There are 2 protein chains.
Amino acid sequence: MSLNADGVARRRRGKELENALLDAAWAELTERGYDEFAIDRVATRAGTSRAVLYRRWPSKQDLVRAAVEHNTGEGPATAPDTGSLRGDVVALLRQTNERRQALVTVLMTRLDGFYRASGTTLADLAEAGSGDSVMREVLDRAIERGEVEPGQVSDRIAQLPVHLFRYEALMTLQPVPDPVIEEIVDTIFLPLVYGNR
Amino acid sequence: MSLNADGVARRRRGKELENALLDAAWAELTERGYDEFAIDRVATRAGTSRAVLYRRWPSKQDLVRAAVEHNTGEGPATAPDTGSLRGDVVALLRQTNERRQALVTVLMTRLDGFYRASGTTLADLAEAGSGDSVMREVLDRAIERGEVEPGQVSDRIAQLPVHLFRYEALMTLQPVPDPVIEEIVDTIFLPLVYGNR
DNA sequence: GCATTAAGAGACATTGCGTTTCTTACTGTC
DNA sequence: GACAGTAAGAAACGCAATGTCTCTTAATGC
């Protein structure tokens, strides 16, 4: 139960309460990680009881997933437009760092039971998050600028920067340093794109 | 307590017991995954009590890590020798499938608390397992055969097949299909190796 | 046989997840 | 304002798993 401006006990309802719950969950995830994430602590932090959480989300994993989406899922990342393919891809990966994708990638690996039950894979959600469509957009722009021919870049090569970024994030559990981003783009992605010319 | 050949109650000791414990742990991991892995069930399976396990490993995560190493860590994979660089790399990745690296990769992501505490990263253990040295060996052979020049392949490119393999395994939670292995080698790794010539 | 050590069993405490019941605040309608 | 319906919040419950402790006794070496 939270207090209003007059310090009088007051109950939140509906969307306001749900936002408070998801924000509390996110705070717990970012401060303690998944291992120490506990429903009880989320409830306490949000000033409510566990039953309130379970009325909305059937399990802990559902709550975690909802918290991730609520706090990072304002749609896919926007495609940067720096004037060059290299610039765009580097900027996209840097942007991905800023959106805490290292943490998100780790959290996603924790939800495999959830995905097993729903018949999807991590790859499905990963791609819905910040992957395919944005890289495609970046490449479309490069095509318009004449940097790349249409159909020149396979799907796998197109997604390679993001995949390697995620792998790196997962393996180190840290944001990916700029030099690594640049190495991925300059020594792997671009040679593959232009090697096909 | 296990039975000897005469069906007489008998206690195992030392290495014999430890192997039985690690084998039981591994069996539980492979049959149920990490989410349903429980110390109690390992103990029951090994015909012992939980206190016995805790005398050896301070926590559940330590036991999991030891089980992984015990069952997959008979040193790094051997470097295949098929007569060509492509053949070697494809064979290595297939071999990695057979050694259940999909499961191992997933398990490793579950132990991040462990790594945080010990100051290492997943990358450290991943590389100790089946990575760097084997790919280096494969490339050394390619150099001897004259397929590649010394110093032609950067570390990052050298490890790329294994990194992409692991990413794929993690994202799908399945063994990596042959066509994907071949795509990684044929459309990404080899063009990067030979594009530098 | 004796001393030492560790295996195995059983009991205990704590924590976290998930569930249920009850009270009551809140909203909308009459 | 009264009333009905709904959901918020609190408290209690049950269960499972982790980790711990104590005790008995098998096993080993001298």
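Every heavy atom of this structure was used, including side-chain atoms; hydrogens, water molecules and symmetry mates were not. All values derive from a computational prediction rather than experimental measurement. All chains are named by letter (A, B, ...) in the order of the sequence lines, taking the proteins before the strands, and each is independently numbered beginning at 1.
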Quick one: B:Arg11 CZ to C:dA7 C1', roughly how many Å, whole number? 4 Å
Please tabulate, for side-chain N and O atoms in residues 20-29 of chain A, each donor-acceptor pair with protein atoms closer than 3.5 Å (sequence neighbours left out).
unit_1, atom_1, unit_2, atom_2, d
A:Glu28, OE1, A:Arg32, NE, 3.4
A:Glu28, OE1, A:Arg41, NE, 3.1
A:Glu28, OE2, A:Arg45, NH1, 2.7

Distance check needed: C:dT14 P versus B:Ile39 CD1, whole Å only. 21 Å
Between CG of B:Leu164 and CD1 of B:Ile184, what distance do you get to the nearest 0.5 Å? 5.0 Å
Could I get the full list of side chain to side chain donor-acceptor pair (under 3.5 Å) partners for B:Asp140, not counting sequence neighbours? none
5'-most contact on DNA chain C: A:Arg41 or B:Arg56, nearest heavy atom basis? B:Arg56
Please identify each residue that fulfils side chain to side chain donor-acceptor pair (under 3.5 Å) with A:Thr82, with sequence neighbours left out. A:Asp88
Interatomic distance, A:Leu63 CG vs C:dG18 P [rounded to whole Å]: 10 Å
Going by the salt bridge (charged side-chain N to carboxylate O under 4.0 Å, His left out) test, which pairs reach into residues 174-193 of chain A, not counting sequence neighbours? A:Arg86-A:Asp186, A:Arg94-A:Asp178, A:Arg94-A:Glu182, A:Glu183-B:Arg156
Below 4.0 angstrom from OP1 or OP2 of C:dG8, is there any side-chain N or O of B:Thr48? yes
Partners of A:Ala142 by side-chain contact (heavy atoms from CB on, under 4.5 Å), sequence neighbours excluded? A:Leu85, A:Arg145, A:Glu147, A:Val148
In whole Å, what is the span from the NZ atom of B:Lys60 to the P atom of D:dA16? 15 Å
May I have the distance from B:Leu53 (atom CG) to D:dA17 (atom P), rounded to whole angstrom? 15 Å
Checking salt bridge (Lys or Arg N to Asp or Glu O under 4.0 Å) for the pair A:Arg141/A:Glu144: CA distance, chi angles, key distance, verdict? CA-CA 5 Å; A:Arg141 248 191 223 122; A:Glu144 283 162 26; 5.6 Å; no
Under the rule for side chain to side chain donor-acceptor pair (under 3.5 Å), what residues qualify as partners of A:Asn19, not counting sequence neighbours? A:His70
Whole angstroms only, please: what is the NZ-P distance between A:Lys15 and C:dC26? 20 Å
Between the protein and nucleotides 1-5 of chain C, list every N/O to N/O distance that falls short of 3.5 Å.
unit_1, atom_1, unit_2, atom_2, d
C:dT5, O2, B:Arg13, NH2, 3.0

In whole Å, I'd like the distance from the CG atom of A:Asp40 to the P atom of D:dA12. 14 Å
Separation of atom CZ in B:Phe37 from atom C1' in D:dA16, rounded to whole Å: 16 Å
Can you check nucleotides 19-21 of chain C for protein contacts, nitrogen or oxygen pairs under 3.5 Å, and list what you find?
none

Take B:Arg56 and B:Asp62 through the salt bridge (Lys or Arg N to Asp or Glu O under 4.0 Å) test and state the conclusion after the steps. CA-CA 9 Å; B:Arg56 285 174 159 70; B:Asp62 289 278; over 6 Å; no
